[in-house]
Amino acid sequence: MAEQRERTFIMVKPDGVQRGLVGEIIQRFEKKGFKLVALKFTWPSEELLQNHYSDLASRPFFPGLVKYMSSGPVVPMVWEGLNVVKTGRQMLGATNPADSLPGTIRGDLCIQVGRNIIHGSDSVESANKEIGLWFTEKEVVGWTPAAENWVYE
Ligand code: DAT
Ligand code: MG
């Protein structure tokens, strides 16, 4: 079914990598039942991040955001599944960890908005833009997990 092939762009930010939280974050999406279809480890340029966050270019925190995001390696990923964009955002928690509920990634693992460890697309349109920005078509891999029929009825 096409709805099960919705995709979202998730990225462990430099603080998440530096703090050794990559495995924990991947595990949450894996355990939920979502399917990993792309992943890399890369130190992004300021230019890529300016493009990634172009919607926020006029905000006062934009220069600091780009500096923080380009301060070290990140782990961009693409996850696939039913309602994965919306559910992924719920799994991340609110933008400001002070407002993120316990049980969410930000609610459990970080404290300040400027060090909130993870990015997740906010709509299917942003997901498509972000996936195209960070991955080539070939890097996004179509496959069928052995457990698929135990995740979806
Ligand atoms: P989100 O990452 O939840 O989609 P966003 O797209 O509004 O949130 O902002 C992108 C990132 O910018 C966010 O993860 C952290 C940073 N940011 C947002 N609002 C901020 C603020 N008021 N002060 C500092 N950093 C902020
Ligand atoms: Mg956003």
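Read the numbers this way: they start at 1 and go in the same order the structure lists the ligands and their atoms.
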Exercise. Does an N or O anywhere in Y53 fall below 3.5 Å from an N or O of ligand 1?
Worked result: no
For this session: Identify, for atom 17 (N) of ligand 1, the protein heavy atom at the shortest distance, and state residue, atom and that distance.
Result: F61 CE1, 3.4 Å
Exercise. Less than 3.5 Å between some nitrogen or oxygen of R106 and one of ligand 1, yes or no?
Worked result: yes
Exercise. For W134, does its backbone N or O pair with a side-chain atom of K40 as donor and acceptor, under 3.5 Å?
Worked result: yes
Exercise. Quick one: which ligand 1 atoms are inside 4.0 Å of a heavy atom on K13?
Worked result: 13 (C), 14 (O)
Problem set entry | Sequence-distant partners of F34, ring pair (Phe, Tyr, Trp, His ring centres under 6.0 Å), two or more places apart | none
Exercise. Are side-chain N/O atoms of D122 and S126 paired as donor and acceptor at under 3.5 Å?
Worked result: yes
For this session: Would you mind checking which non-hydrogen protein atom is closest to atom 15 (C) of ligand 1, with the distance to 0.1 Å?
Result: V113 O, 3.5 Å
For this session: Could you list the atoms of ligand 1 found under 4.0 angstrom from a heavy atom of N116?
Result: 13 (C), 14 (O), 15 (C)
Exercise. Which of these, I111, N116, V113, sits in a side-chain contact (heavy atoms from CB on, under 4.5 Å) with N96?
Worked result: V113
Seminar exercise, completed: Sorted by chain and number, sequence neighbours left out, side chain to side chain contact (heavy atoms under 4.5 Å, CB included) with Y53 holds for K13, L56, F62, L65, M69, H119
For this session: Record the part of M69 in heavy-atom contact with ligand 1 below 4.0 Å; permitted values are side chain, backbone, both and neither.
Result: neither
Exercise. Of the choices I117, V66, L65, T95, which has the non-hydrogen atom that lies closest to atom 12 (O) of ligand 1?
Worked result: L65
Exercise. Would V141 end up clustered with M77 when hydrophobic side chains under 4.5 Å apart are linked, directly or stepwise?
Worked result: no
Problem set entry | Heavy-atom gap D122 to ligand 1 smaller than 4.0 Å | no
Exercise. Which heavy atom of the protein is the closest neighbour of atom 5 (P) of ligand 1, given with residue, atom name and distance?
Worked result: L56 CD1, 4.2 Å
Problem set entry | Distance-only side-chain donor-acceptor flag, K129 / S123, under 3.5 Å | no
Problem set entry | Residue-ligand contact R89/ligand 1, heavy atom below 4.0 Å | yes
